[in-house]
There are 2 protein chains.
Amino acid sequence: MAVHAANAVDKRRSLLHETRCQNCSLSSLCLPLALEVEDMEQFDAIIRRRAPLKKGESLFRQGNAFNSVYAVRSGSLKQITTEGSGDDQVTNFYLPSELVGLDGIDEQAYPGSVIALETTTVCEIPFDRLDSLSEILPELRGQLYRSMSKELRDDRRMMRLLSRKTADQRLASFFSSLSDRFRRRGYSPHSFRLSMSRADIGNYLGLAVETVSRILGRFQQQGLVEVSGREVNILNLEALVTQAQEEH
Amino acid sequence: MAVHAANAVDKRRSLLHETRCQNCSLSSLCLPLALEVEDMEQFDAIIRRRAPLKKGESLFRQGNAFNSVYAVRSGSLKQITTEGSGDDQVTNFYLPSELVGLDGIDEQAYPGSVIALETTTVCEIPFDRLDSLSEILPELRGQLYRSMSKELRDDRRMMRLLSRKTADQRLASFFSSLSDRFRRRGYSPHSFRLSMSRADIGNYLGLAVETVSRILGRFQQQGLVEVSGREVNILNLEALVTQAQEEH
DNA sequence: TCACCTCCTTGATCGTGATCATGGCTGCAT
DNA sequence: ATGCAGCCATGATCACGATCAAGGAGGTGA
């Protein structure tokens, strides 16, 4: 009987192209990374898989009630916060294994819209259940604290970038950071495809699109990268990292 | 016997001008805000009061091992992150009831130095004990999540400020935000003393000191504020808030 | 009282990156 | 093929705020 029920669940999951945390290639980067197998099953049980988002679709909109956080499974998304009329700001890009929505806990509403940059799948994690589970799984709780803490650190780095770095340094930072994030996820750190437009990049880095274009052109002339549309080849990561960290 | 021990503790505390969370005027803003009386006693028990910091002294330095978070009790502090040689960046100001050090959890080291801007007292909260206590006190855990989430939201607001706002808007934002924070803490939202220098403000907002000075002068001419050294009188908070939010 | 130091203000000039304007490229529908 | 739309590149000009320079205000110690 219990077996039947379990099978039914499994069947539904496989129909939706879903797998379990235990089999997920991202489990070493994702929230349950510190969990033992039996604990991971408990965690897995609270997760809701969602149908893939198509490019341009939103996971949620700014102001929607906060119920869940989401772990990116594949694809990528951007977070956009709007203030007043038409003044959009890209505040984050999310890659696989990253957690989306943590900034909505406080006000019980999402402070920005999150939009898929390509076909993207996410795992939905209802926050009240995550919170309850974090009560009995100290490792999970610790991981949640660490995730939020890391996001705080990253934000501080971003503030430094926005307030003290030149346009060149910002782009160098952006590309070396992307390269690093891809590397950690097992992709090539040298060759990848940007899922976001130049406009998104510029908006995120506090630069005009034209500036992004011009500087990418210059980087290419300097032999740092090879860019063709959204295909990127990093030729000299070393130099890019140096460039990103240089004093004015 | 137990009574004696308790008295001894009380005595030591009062010698150090310390009180308990239960009597603290900030308890409605601080971490234990959601706790019942008996729970607050448990929380109170893990807190270590520290001798006041004098102006310019540091609570901890960038890179120090992370052991505790701190709640500001009185006074104020700034967080500074240094990269390379001499490139300092002020990434935060902390006022009473705010939590310091949450961004150190992830790497078990503080990502920036935190320095008193005036005579300042803090409550030290050892993080491992806080974590343990958050296991049995769901309200405390929730409050911790909310604190971090709020900081994330504030960071996003800061990013928007740094990447899209003019110098005038940044200062208008800064003053209206300060005013609001003072108001919430029961101080006058119209009249207060800045504990940070113009240089600190400029650094924090991504502006040169000269620009800060000039714009404050202009605000004064426009009748928005009255500034004399570090004494601030906000004459037209309304206009300041509008100014801060205006599209370019 | 004076010298000294830090913090702040004000003026003049310069440079980075925004803005405006245009044209090319790519993909897509018909 | 053709037209259209979104995205990207490049050139010309402009403006905001940085930087350089100098001087004033206020506090502190000899």
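From a predicted model like this one, the values you see are computed outputs, not experimental measurements. Here is how names work: the chains are called A, B, and so on, in the same order as the sequence lines, proteins then strands, and each is numbered from 1.
The side chain of B:S197 places no N or O atom within less than 4.0 Å of a non-bridging phosphate oxygen (OP1 or OP2) of C:dC7. An OP1 or OP2 oxygen of D:dA18 is reached within less than 4.0 angstrom by a side-chain nitrogen or oxygen of B:T211.
Nucleic acid contact class of B:G206 (heavy atoms, under 4.0 Å, all strands): sugar-phosphate only. In this structure, A:R218 reaches neither bases nor backbone, as no heavy-atom distance under 4.0 Å exists between it and the strands shown. When heavy atoms are screened at a 4.0 angstrom cut-off, B:R230 is found touching the sugar-phosphate backbone but no base atom. Nucleic acid contact class of B:A208 (heavy atoms, under 4.0 Å, all strands): base.
Taking atom CG on A:L194 and atom P on D:dG6, their separation rounds to 21 Å, with Å as the unit. One atom, NZ of B:K165, and another, P of D:dC16, lie 18 Å apart when rounded to the nearest Å. For the pair B:L216 CG and D:dG17 C1', the interatomic distance rounds to 15 Å; values are reported in whole Å. Summarising the geometry, the separation between CG on B:L205 and P on D:dG17 is reported as 12 Å, rounded to the nearest angstrom. Summarising the geometry, the separation between CD1 on B:I215 and C1' on D:dC16 is reported as 10 Å, rounded to the nearest angstrom. In this structure, A:L171 places its CG atom 11 Å from P of D:dA9, rounding to the nearest Å. Going from atom CD1 of B:I201 over to atom P of C:dT9 covers 10 Å, rounded to whole Å. Here the C1' atom of nucleotide C:dT19 and the CG atom of A:L207 are 14 Å apart, to the nearest Å.
In terms of modelled atom types and a separation under 3.5 Å, the side chain of A:E124 and the main chain of A:I47 share no donor-acceptor contact.
For A:E210 against C:dC20, a side-chain N or O and a base N or O form a donor-acceptor pair under 3.5 Å. A donor-acceptor contact under 3.5 Å is formed by the side chain of B:R214 with the base of C:dG11.
Between A:E83 and B:K165, at least one side-chain nitrogen of the basic residue sits less than 4.0 Å from a carboxylate oxygen of the acidic one, meeting the salt-bridge criterion. Using a 4.0 Å cut-off between a side-chain N of Lys or Arg and a carboxylate O of Asp or Glu, B:E98 and B:R73 do not qualify as a salt bridge.
Among B:S76, B:S74, B:S195, the one residue that satisfies the side chain to side chain contact (heavy atoms under 4.5 Å, CB included) test with B:L95 is B:S76.
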(request) Might you work through the ring-ring contact (aromatic ring centres under 6.0 Å, His included) test for A:F93 and A:Y204, ending with a clear yes or no? (result) CA-CA 9 Å; A:F93 295 114; A:Y204 177 62; 4.9 Å; yes

